[in-house]
Amino acid sequence: MRTLKGKTALVTGGSRGIGRGIAERLGRDGARVAVHYGRNEAAAKDTVATIEAAGGSAFALGQELGVEGDAAALWEQFDRLSGADGLDILVNNAGIGTAAGFAEIGEAEYDRLFAVNAKAPFFVTQLGVERLRDGGRVVNVSSGLSKAAMMPELIAYAMTKGALDVFTRNLSKVLGPRGITVNAVAPGIIDTDVNAQWLRASEEAWAGAAALSALGRVGTPEDVADVVAFLASEDGRWVTGQWVDATGGSRA
Ligand code: NAP
């Protein structure tokens, strides 16, 4: 069902992984999708082609996040490529991880984590909000690690998602009067490039990750995308300011 027909969505980091899953699902639901990427234009073009092949509409939009002026440059491109037609759904998904734990992480990497995972979503939303139509949607991709110390060595990464959660809660009150909902979706371990090195290193690593979930398997981008699609849809209109667990019961 093309329930998002006539709507426009922007998915940051929509070119790969979870973001790609979200972009493809929103495209299938009928939204025109701006597929944002950082450096990998080929991946974004491939995502656009997949959406179009399924009968949807999409365009690619490249902008490095976590650098000065990133949000303004992103919206300048969005306006140009979309025909300045406004926006209905903003998904702040782009994010980076780190292998550096509490003892190892240095200031530069800490600052970069916060710049990409917390500061960029803040300013992308702040500068984008004038384009967001009343009744619109903001979905921020958080992490199960912001509410459970399941991987305590990833403390700095978890802190960035904690900041995103606070942003989500407060922004729901700021934008609520305009009928705009703001929610966070928190994945557990998902099989994407960011995890490939350790997750696919051995059968034991895969089995250990699967065992964390109550459902006994590793998550897929589609598992998360379907939750985002609900929040983005008309059916999600009365849910706002929430942190939605999409960890497959890893915290149960
Ligand atoms: P991924 O496969 O590594 O994909 C990341 C996406 O974000 C790509 O489209 C990438 O574009 C873009 N991106 C990354 N850094 C960027 C930057 N500095 N500027 C612009 N674009 C940038 O990651 P993922 O696993 O799908 O993760 C997506 C989100 O889910 C992140 O916020 C992550 O923290 C969160 N999450 C993931 C998991 C998991 O297990 N995978 C679990 C919980 C939460 P380019 O390729 O062009 O750089």
Side-chain angles (χ1 to χ4, degrees), residues 10-25 33-48 58 60-71 73-74 77-78 91-99 109 111-121 123-124 139-148 150-151 154 156-165 167-168 184-200 205-206 208-210 212-213 217-225 227-228 243-248 250-251:
L10 168 65
V11 183
T12 69
S15 56
R16 293 191 292 114
I18 293 170
R20 177 173 182 149
I22 295 169
E24 289 184 7
R25 172 66 204 264
V33 187
V35 177
H36 163 266
Y37 66 95
R39 297 177 180 175
N40 191 338
E41 185 181 9
K45 286 191 164 164
D46 197 54
T47 304
V48 167
L61 168 69
Q63 175 59 48
E64 178 76 14
L65 297 175
V67 296
E68 212 178 317
D70 52 2
L74 180 148
Q77 275 202 69
F78 175 84
V91 183
N92 286 307
N93 160 80
I96 53 173
T98 177
E109 189 169 2
D111 287 345
R112 170 102 181 122
L113 273 179
F114 271 84
V116 177
N117 292 1
K119 183 178 175 186
F123 285 102
V124 165
V139 181
N140 297 320
V141 178
S142 179
S143 164
L145 298 183
S146 72
K147 289 226 198 283
M150 289 183 295
M151 297 180 176
L154 299 183
Y157 169 79
M159 287 167 67
T160 67
K161 296 300 187 178
L164 193 64
D165 295 349
F167 174 55
T168 302
V185 170
I189 297 173
I190 307 295
D191 182 21
T192 67
D193 294 346
V194 82
N195 290 326
Q197 215 176 1
W198 70 269
L199 186 57
R200 292 179 171 274
W206 185 273
L212 277 180
S213 156
R217 66 170 175 82
V218 173
T220 66
E222 292 71 29
D223 290 329
V224 181
V227 179
V228 173
W243 186 91
V244 181
D245 185 310
T247 70
S250 299
R251 299 165 53 255

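Nothing fancy with the numbering, it's 1 onward along the sequence. Everything numeric here is computed off the predicted structure, so don't read it as measured data. Indexing begins at 1, ligand by ligand and atom by atom, following the structure's order.
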- request: Before signing off on this row, confirm whether G19 and ligand 1 have an N or O atom pair separated by under 3.5 Å.
  value: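 Min N/O separation from ligand 1 is not below 3.5 Å for G19.
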Using a strict cut-off of less than 4.0 Å between a Lys/Arg side-chain nitrogen and an Asp/Glu carboxylate oxygen, indicate whether [X] and [Y] qualify as a salt bridge.
X	Y	answer
E64	R39	yes
D193	R20	no
D70	K119	no

Contact with ligand 1 for [X], non-hydrogen, under 4.0 angstrom:
X	answer
Q63	yes
G21	no
H36	yes

Atoms in ligand 1 with a heavy atom of [X] nearer than 4.0 Å:
X	value
G38	11 (O), 20 (C), 21 (N), 45 (P), 47 (O), 48 (O)
R112	18 (N)
R39	45 (P), 47 (O), 48 (O)
I189	40 (O)
E64	18 (N), 19 (N)

Is it the side chain (CB and beyond), the backbone, both or neither of [X] that lies under 4.0 Å from ligand 1, heavy atoms counted?
X	result
A120	neither
K161	side chain
N40	both
N93	both
V116	side chain

Would you say that [X] contacts [Y] through its side chain, given a criterion of any heavy-atom pair below 4.5 Å between the two side chains?
X	Y	answer
P187	I18	yes
N117	I96	yes
M150	T247	no
R16	Y37	no

What protein heavy atom sits nearest [atom], and how far away is it?
atom	result
atom 36 (N) of ligand 1	Y157 OH, 3.6 Å
atom 25 (O) of ligand 1	T192 OG1, 2.5 Å
atom 43 (C) of ligand 1	P187 O, 3.4 Å
atom 27 (O) of ligand 1	I18 CD1, 4.1 Å
atom 44 (C) of ligand 1	S142 O, 3.1 Å
atom 22 (C) of ligand 1	A94 CB, 4.0 Å
atom 10 (C) of ligand 1	R16 NH2, 3.8 Å
atom 19 (N) of ligand 1	L65 N, 2.8 Å

message: Regarding N40 and S15, do their side chains bring together a donor and an acceptor under 3.5 Å, going by distance alone?
response: no
Counting N and O atoms only, with roles assigned by atom type, does the side chain of [X] sit under 3.5 Å from a partner on the main chain of [Y], one being a donor and the other an acceptor?
X	Y	result
S213	G248	yes
D223	T220	yes
N93	G13	yes
T12	A94	yes

field: Test applied, side chain to side chain contact (heavy atoms under 4.5 Å, CB included); reference residue, L61; option that passes from V35, L10, V48
entry: L10
task: Check each of L113, N195, L164, N117 against atom 40 (O) of ligand 1 and report the one with the nearest heavy atom.
output: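 Nearest heavy atom to atom 40 (O) of ligand 1 lies in N195.
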message: Just to be sure I'm reading this right: ignoring hydrogens, which of G13, G144, G188, G95 gets closest to atom 14 (C) of ligand 1? Compare them by their nearest heavy atoms.
response: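 Closest candidate by heavy-atom distance is G95.
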query: Shortest non-hydrogen contact from V228 to V185?
result: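 So the two residues come closest at CG2-CG2, 4.0 Å.
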